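Here's the structure we're looking at; comments come further down.
None of these values were measured; they are calculated from a predicted model. To find a chain, count down the sequence lines: A is the first, B the second, and so on, and within it residues start at 1.
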Number of protein chains: 2
Amino acid sequence: MKRVTLEEVARVAGVSRATASRVVNGASSVDESLRHAVQKAISSTGYLPNIAARSLVTRRADAIGLLLPDERRMDGDPHLASVVSGVTRVVRPLGIHLVLMMTGPGTREQAMSDLRCGRLDGVILVHTDPADPVPGQLIAAGLPVVLAGRPLRPMPITYVDVNQTAGAALAGRRLKSLQCNRIATITGPQDTPAGQDRLAGFLAEVPDAVVVHGDFTRQSGVAAMERLIGCCPDVDGVFIASDLMANGAIPVLHRSGRKVPDDVAIVGFDDSSAALTSEPELTTVRQPISDMAAEMARQLLRQIGEPRTPVTSVVFEPSLVVRDSG
Amino acid sequence: MKRVTLEEVARVAGVSRATASRVVNGASSVDESLRHAVQKAISSTGYLPNIAARSLVTRRADAIGLLLPDERRMDGDPHLASVVSGVTRVVRPLGIHLVLMMTGPGTREQAMSDLRCGRLDGVILVHTDPADPVPGQLIAAGLPVVLAGRPLRPMPITYVDVNQTAGAALAGRRLKSLQCNRIATITGPQDTPAGQDRLAGFLAEVPDAVVVHGDFTRQSGVAAMERLIGCCPDVDGVFIASDLMANGAIPVLHRSGRKVPDDVAIVGFDDSSAALTSEPELTTVRQPISDMAAEMARQLLRQIGEPRTPVTSVVFEPSLVVRDSG
DNA sequence: GATGGGCGTGAGAGCGCTCTCCCAATCCTG
DNA sequence: CAGGATTGGGAGAGCGCTCTCACGCCCATC
């Protein structure tokens, strides 16, 4: 149960600490016989490098942060598990830790400190409030950071996003191909890039669509659909900018005596778990969340590896998942 | 942009490094004037302690791990965000990092290493496979660990759980009070404590209930309900051991021409987001996930603070959330 | 006025690792 | 065979922090 150090390994292997270190770190140019001896010593002693000591000299924490919005905004967000899993996939083989930070009082400041004092090598920012000063501060300080989703105001920052506009267009084409005559959309919040782009992309495809506003929440989906069938009773096709809103909106249609998809076709966006828990299951625009998360991790690691590298943005193409609702 | 060390702070404040360290760590017995000088030096230099250096000597990582099942098992699990948020709430004020680890090839071994080499102070294990050797290894090694949920086989390990039996009884009483005559239950997997206890607790309250087995997944809820109405068409009240299964089961009832709750009352378990995305919204047994997670964190910290402390188990009481389904 | 006990402070020894030298040994080339 | 080039290994200096220990200093005690 006693701690075994490199020193100990070196002693057992009959080499210097430096050579033992070289073997541990896979450095080139160590004689094969010595390397063997060291490896034997490592496994016989059960040696594990002390990360703190290593970190102290390499100035690398081998840990990155994932900054999330608070529980309420995350709740119902189906993506968390996928994001974590995507990031984990690229990060774990490298022995890098994923530190989760949910936004709360002082979190973002803490993340800044962690970054500056070398406790974190970089951060991935999810669902960032446009008014949040943190991204700006981070890039100003030259600290590695990647955004999930295009920032509202253009800024020199690396981000990964899905082509929201193209996704909405996909939905529009689907409704048109279903021969819908009276097409509407329930939008996301218009102060977010995703909300804006999904509306713009849809209108580009269906210019005369009726527009009703929502804010991505289930609740707002209910309200928006009530308004929609009030003002436009003959609607027969709706693109709803999030599955969660669609999930709230469909029962409203049922209650009004309309059948989905027979009377009204519905296309959602996200392909979240809400798409499967809806009745009928949602036809929706899928974003490859897990792959996007993996890409964010890769971008972040690149920045950490070579600072002052030019910012990039990676945009993934969405796809249409056809199920029962439209 | 240059790193400022304690040494630097001490120099600016005109004291020794030791005294500066005392101030940083809030140690007693530092003269008020010196403390002031040091604090001024800290803020003027923008000093942030280097965690790696501290960790090296204190042998504390100030980080704990959250070991999760993989994405597929987590998918649809509505609890992740709540768990993270509960743990974060107690852990962050202490400056302790929450490291997320999703189960995958080698994860559990990695967690063991991290623990042993001092990179992690302790771990919380969620959804542990009964056959998993890791919990046993951890307690054998005397490493701090807390389980989410009672282990299948009794073992000397600290865990936090909800009183599953009592929760199921709550559901049973609810269905009886609704004057249901023909009561059934769709169970969870019978090789898990939760699955077993929910069935046992329900049968204790409704001994003559029809029992159909499921495995907590939505899919299995669909299948189980199909079997149920096949073998027992006059059923008028069902306790479904997870909201996710209930979410799958309700559309089956609708398709068979039965109305919920008028023809068949449904009570779920979990109060997960699936309870709200169901139509009608589910009456369900709520477990205080976030509070339980917070308690897990507290238990873990206690173990870290004083090793070899006796194991404890904390059991929370569930409550019934009455909505529209039963 | 000498003695004992606190208490606050500074010096310095590590914690376990990496990495830069520097030296020795081997190799190639003319 | 001499000379330089190349390579592998060891010594040792830190990385930034905590913490023990010993040293003053001041006050209370006899």
Looking at every heavy atom in both [X] and [Y], which two are closest together, and how far apart are they?
X: Ser290(A); Y: Arg89(A); result: OG-NH1, 3.0 Å
X: Ala52(A); Y: Ser55(B); result: CB-OG, 3.6 Å
X: Gln110(B); Y: Gly95(A); result: NE2-CA, 3.9 Å
X: Val99(B); Y: Ala63(B); result: CG2-CB, 4.4 Å

Respond yes when some side-chain nitrogen or oxygen of [X] is under 4.0 Å from OP1 or OP2 of [N], and no when none is.
X: Ser16(B); N: dT9(C); answer: no
X: Ser21(A); N: dC17(C); answer: no
X: Asn25(B); N: dT18(D); answer: yes

Given atom [atom1] of [X] and atom [atom2] of [N], what is their separation to the nearest angstrom?
X: Arg60(B); N: dG16(C); atom1: CZ; atom2: P; answer: 17 Å
X: Arg59(B); N: dT18(D); atom1: CZ; atom2: P; answer: 15 Å
X: Asp31(A); N: dA25(C); atom1: CG; atom2: C1'; answer: 12 Å
X: Leu6(B); N: dC15(D); atom1: CG; atom2: C1'; answer: 13 Å
X: Leu56(A); N: dA13(D); atom1: CG; atom2: P; answer: 17 Å
X: Arg3(A); N: dG14(C); atom1: CZ; atom2: P; answer: 18 Å
X: Arg119(B); N: dC17(C); atom1: CZ; atom2: P; answer: 14 Å
X: Leu34(A); N: dG8(D); atom1: CG; atom2: C1'; answer: 9 Å

Problem set entry | Proximity to the side chain of Arg22(A) - top-ranked nucleotide from dC15(D), dT20(C), dG10(C) | dT20(C)
For this session: Compare the minimum distances between each of dG9(D), dC17(D), dT9(C) and the side chain of Val30(B), then state the nucleotide with the smallest one.
Result: dT9(C)
Problem set entry | Touch class at under 4.0 angstrom, heavy-atom based, for Ile51(B) against every strand present | nothing
For this session: Could you tell me whether Arg17(A) contacts a base, only the sugar-phosphate backbone, or nothing, with contacts defined as non-hydrogen atoms closer than 4.0 Å?
Result: base
Exercise. Can any side-chain N or O of Glu317(B) pair as donor or acceptor with the backbone N or O of Asn163(B) at less than 3.5 Å?
Worked result: no
Exercise. DNA chain D: Ala18(B) or Ala52(B), which has the more 5' nearest nucleotide?
Worked result: Ala52(B)
For this session: For Thr58(A) and for Gly14(B), find the nucleotide of DNA chain C with the closest heavy atom, then tell me which residue's nucleotide is more 5'.
Result: Gly14(B)
